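Accompanying notes for the structure given below.
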Amino acid sequence: DQQVKQNSPSLSVQEGRISILNCDYTNSMFDYFLWYKKYPAEGPTFLISISSIKDKNEDGRFTVFLNKSAKHLSLHIVPSQPGDSAVYFCAASYNNNDMRFGAGTRLTVKP
Amino acid sequence: KAGVTQTPRYLIKTRGQQVTLSCSPISGHRSVSWYQQTPGQGLQFLFEYFSETQRNKGNFPGRFSGRQFSNSRSEMNVSTLELGDSALYLCASSLVQTRTGELFFGEGSRLTVL
């Protein structure tokens, strides 16, 4: 039961342009959403999060948007840099339950 | 501050064998979660431990089990290994048992079942 879905397995963008990674979820109980970044041979690292009471959270070049009615969130990276090339996981949770992750999107930023 | 440490990093087993993976959380973290990562499936939640008690469990067969010790270190065990158990097993710790808390992941233990 894949409650968190990342339908794009890969994304390629040019350096300096915007990267938009998308995530959909099916469980309306989710009230907290996170993005993690994973480099090869390393564990995922926390990137940015958003509570369901907000529709936008910004941290430097990274902005997460939440559309609760559409059960959709997105991560915007502006401007994209080659060092952003990694696999990005979307995650969601509610109350005291486990955190559910998507399948990940591999972002490649070309110089 | 040391990060989450997982051992072993790599291991190869054959079908039918059993395996034990170890995870040492960040000092002071009392919650430890385990995830299985396979290509195309993302991170599948296995279980979470807090203060030596299993708090949540994912949809995995009983062959997958775990425990947590008084020092918060955790182990997971997989018995009667199957080819499909080949995956990267990730351990994550957090300061408190809250799903709004950031998870800190280890580098993982890559298991290959032949």
Side-chain angles (χ1 to χ4, degrees), chain A residues 1-10 21-27 29-54 57 59 62 64 66 86-107, chain B residues 2-7 9-10 21 23-26 29-51 53-60 64 66 87-110:
Chain A
D1 178 21
Q2 201 72 16
Q3 298 186 34
V4 178
K5 300 178 182 179
Q6 293 177 257
N7 293 318
S8 298
S10 63
L21 296 96
N22 294 303
C23 178
D24 297 293
Y25 60 95
T26 57
N27 191 340
M29 297 291 289
F30 287 140
D31 58 6
Y32 201 75
F33 306 88
L34 307 90
W35 284 93
Y36 284 80
K37 180 169 70 173
K38 185 180 186 298
Y39 292 117
E42 295 182 11
T45 55
F46 170 76
L47 187 58
I48 191 169
S49 63
I50 187 168
S51 164
S52 60
I53 62 173
K54 294 184 175 181
N57 188 27
D59 184 3
F62 302 90
V64 56
L66 176 62
V87 177
Y88 290 79
F89 291 98
C90 169
S93 67
Y94 68 96
N95 292 336
N96 220 23
N97 292 284
D98 56 275
M99 195 173 293
R100 300 280 176 148
F101 285 79
T105 296
R106 181 178 300 278
L107 173 66
Chain B
V4 177
T5 304
Q6 291 188 246
T7 57
R9 290 291 310 281
Y10 303 91
L21 308 178
C23 172
S24 293
I26 291 173
H29 285 195
R30 297 169 63 190
S31 176
V32 173
S33 301
W34 288 90
Y35 289 85
Q36 180 195 66
Q37 184 189 1
T38 54
Q41 292 295 315
L43 302 175
Q44 301 290 314
F45 174 75
L46 281 156
F47 26 65
E48 178 195 6
Y49 287 87
F50 182 78
S51 294
T53 301
Q54 186 181 90
R55 293 289 186 171
N56 290 300
K57 190 177 192 300
N59 294 324
F60 278 81
F64 292 80
L88 179 67
Y89 290 88
L90 290 161
C91 166
S93 75
S94 60
L95 191 59
V96 294
Q97 192 219 352
T98 169
R99 293 302 87 204
T100 61
E102 175 187 343
L103 294 179
F104 294 83
F105 283 87
E107 294 178 321
S109 293
R110 184 166 294 282

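Because the structure is predicted, anything quoted here is derived from the model rather than measured. Note that these values count all heavy atoms, side chains included, but never hydrogens, waters or copies made by symmetry.
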Using distance alone, with no hydrogens and no angle criterion, decide if R30(B) and S51(B) have a side-chain donor and acceptor under 3.5 Å apart.
yes
Interface residue of largest heavy-atom contact number with chain B, from G104(A), P44(A), A103(A), under 4.5 Å:
P44(A)
Just verifying a value: how many Å separate S52(A) OG and L66(A) CG, rounded to the nearest 0.5 Å?
7.0 Å
At a heavy-atom separation under 4.5 Å, does [X] approach chain A through its side chain, its backbone, both, or neither?
X	answer
L43(B)	both
Q6(B)	neither
R110(B)	neither

Any side-chain heavy-atom pair of W34(B) and F60(B) under 4.5 Å:
no
Could you check whether any side-chain heavy atom of R100(A) comes within less than 4.5 Å of a side-chain heavy atom of Y25(A), counting everything from C-beta outward?
no
